[in-house]
Amino acid sequence: MKNKYDVLVIGGGPAGALAAKTAVDKGLSACIVEKRPAIGAPVRCAEGIGKEALQEFIDPNPRWISAEMTGAGIVAPDGFLMKLESNLAGNKVGYILDRKIFDRELVWRAAEAGADVAVKTRASSPIIENGYVIGAKVESCGNVMNVTADVVIAADGVESKFSRWCGIDTTVPVREIMSSVQYVLTDIDIDPHSTVFFLGNDVAPEGYLWIFPKGERSANVGIGISGKKSGEGHRAKDYLDRFVKKTFPQGKLIEHIAGGVSVCRPLDCTVGDGLIITGDAARVVDPLTGGGIYNSMYTGRLAAEVAVESIGSGEVSKKALMVYDRTWRASKMGKAIERNYHIKEYLIRLPDTKLNEIIHSVSKINLKEFTTMSLIKEIICINPKLMIELGALAASIR
Amino acid sequence: MLKVHRDICGYCGCCVSVCPEGALELIDAYLCIEKSCTSCGICAKVCPLGALEVVNEK
Ligand SMILES: Cc1cc2nc3c(=O)[nH]c(=O)nc-3n(C[C@H](O)[C@H](O)[C@H](O)COP(=O)(O)OP(=O)(O)OC[C@H]3O[C@@H](n4cnc5c(N)ncnc54)[C@H](O)[C@@H]3O)c2cc1C
Ligand code: SF4
Ligand code: SF4
């Protein structure tokens, strides 16, 4: 690690990896600092990603794909299973990744392209000069050093402390943090090519419980509940343990992870003087699905593209970097976040009886496309009443 | 005072993201509590594993 780079990236997740790779591909020097001793571990993810979303960044490789999905199931609060099969039989709709390997692959590609990488190296405070973020103090195995850069890209995930130290409030509202636990279970009976989502106030209040297959007889079985609904005796872990005991009493637990997923609106502003905030740190997770891998890669890449332009023109002020903020908000991703935020807010207020009603009535649909949005469209199509309840939102969906 | 049950903590960072004071910091697997903590208990509520507890000072 040197003490000066064009771009300094805080965090070695998908956002940081794409940021560093893009910067060096375009001829800048870049360094990723990652506080954990290993990239990708422990996993903080259910590892699901859509086929097309993934391919926008990288060609699928069996080395880091655990399983291919051809369908999905949604279990209503009353236990009724709605199956969604891809129109074309056998057609892949998504993947369950192996993020320990996937995240490493992304960072490895950045390193191979010329980026420096330092693990077990934590940014402990920003270096600020005349209001500009010009680098970070980093601590690595007992050594402290100052690393300066023209632009710092914060890709430090859900904790998002770096931007906070720069004076930007990144606090997630309690009701909008998904308090999550996930087990990797093996030796269980599952459909190995279908994800399953369980809804309902007794199963996962203001969230959902998932089974994402990792192989013929193993899966990520996890849950996220609203922080508002969490408390002593009724935490994410309590709900998950109850479900696993009932559903997979013979399952063997080979991995136990926890996590937090923000389902709030993105930060009001995702840039500062000399600073760009990306991925989970910018709170750009899809508020409806809790998916953030794609959004992190997208914002990481965009951040570096804007950094390259700005450094090239010698102007890295907040005003100059605002191109980043405006571009992602106007993108397909930005619009999906805004729309899905409203849908989430609507859905979490529905009582179980209403959810049952909706799921039963749409159980026979044949989706043309396999996306969350096509499902929502069908739901509205079949429940015209819902359109009135959704009000202005419905118009934005059609 | 906020107490971390380190045997329970899964060092996931969920608590860090909701602390209004920015008083929590994960150093890899070790959760640190800074002086700015007001013992408000928000982090203890959201912890998915139940590793945080606000205990009365003696
Ligand atoms: C239980 C759970 C299930 C999920 N399931 C899915 C899913 O199925 N599909 C999906 O798309 N998304 C899912 N997500 C969300 C997804 O995991 C995240 O959106 C994604 O990992 C965010 O990428 P990132 O690069 O922004 O941050 P991260 O991947 O979180 O990377 C941030 C990195 O920064 C490091 N870091 C933090 N602070 C510092 C510092 N000061 N100095 C140096 N390094 C630092 C961290 O150690 C970390 O490695 C899930 C999340 C959870 C918790
Ligand atoms: S939320 Fe709980 S398990 Fe996660 S880091 Fe905080 S104390 Fe540890
Ligand atoms: S008790 Fe409140 S102030 Fe203290 S660490 Fe937890 S959330 Fe922050």
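Throughout, a chain's letter reflects where its sequence line sits, starting with A, and its residues are numbered from 1.
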K.L.:
Go through S262(A), P37(A), G157(A), G231(A) and name the one with the most non-hydrogen pairs under 4.5 angstrom from chain B.
P.N.:
P37(A)

K.L.:
Could you tell me whether the side chain of K161(A) and the main chain of V16(B) form a donor-acceptor pair under 3.5 Å?
P.N.:
no

K.L.:
Distance check, rounded to the nearest 0.5 Å: C47(B) atom SG versus E232(A) atom CD?
P.N.:
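The CD atom of E232(A) is 9.5 Å from SG of C47(B), to the nearest 0.5 Å.
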
K.L.:
Answer yes or no: does atom OH of Y183(A) have more than 12 heavy-atom neighbours from other residues, nucleotides or ligands under 6.0 Å?
P.N.:
yes

K.L.:
Using a cut-off of under 4.5 Å for heavy-atom pairs, which of G50(B), C43(B), S17(B) has the most such pairs with chain A?
P.N.:
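Most pairs with chain A among the choices: S17(B).
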
K.L.:
Is S160(A) close to chain B through its backbone or its side chain, or both, or neither, when contacts mean heavy atoms under 4.5 Å?
P.N.:
neither

K.L.:
With a 4.5 angstrom heavy-atom cut-off, could you sort out which part of L24(B) is near chain A: side chain, backbone, both or neither?
P.N.:
backbone

K.L.:
Once rounded to the nearest 0.5 Å, what's the spacing between atom CD1 of I27(B) and atom CZ of R36(A)?
P.N.:
14.5 Å

K.L.:
Check for a donor-acceptor pair, side chain of T171(A) on one end and backbone N or O of V18(B) on the other, with a separation under 3.5 Å.
P.N.:
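Judged by distance alone, no pair lies under 3.5 Å.
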
K.L.:
Name the option with the most non-hydrogen atom pairs under 4.5 Å to chain B; the candidates are A236(A), G259(A), P42(A), G260(A).
P.N.:
G259(A)

K.L.:
Considering only heavy atoms, which portion of C15(B) lies under 4.5 Å from any heavy atom of chain A: side chain, backbone, both, or neither?
P.N.:
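It is neither, since no heavy atom gets under 4.5 Å.
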
K.L.:
To the nearest 0.5 Å, how far apart are CZ in R44(A) and SG in C14(B)?
P.N.:
10.5 Å

K.L.:
Measure distances from I42(B) to the heavy atoms of chain A and classify the residue's part below 4.5 Å as side chain, backbone, both or neither.
P.N.:
side chain

K.L.:
Hey, is CG on N143(A) packed in by over 12 heavy atoms from elsewhere, all under 6.0 Å?
P.N.:
yes

K.L.:
Could you report the tightest heavy-atom contact between S179(A) and V46(B), atom names first, then the distance?
P.N.:
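Distance-wise, the nearest heavy atoms are OG-O, 2.7 Å.
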
K.L.:
Return the CD to CG distance between E159(A) and L26(B), rounded to the nearest 0.5 Å.
P.N.:
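Nearest 0.5 Å value for the CD-CG distance: 4.5 Å.
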
K.L.:
Salt bridge or not for R122(A) and E25(B), using N-O below 4.0 Å?
P.N.:
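The answer is yes: the pair qualifies as a salt bridge.
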
K.L.:
Within the 4.5 Å heavy-atom criterion, are L49(B) and K237(A) side-chain neighbours or not?
P.N.:
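Yes, at least one pair of side-chain atoms sits under 4.5 Å.
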
K.L.:
What part of A44(B) is in contact with chain A, defined as an atom under 4.5 angstrom from a non-hydrogen atom: side chain, backbone, both or neither?
P.N.:
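Looking at A44(B), just its backbone touches chain A.
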
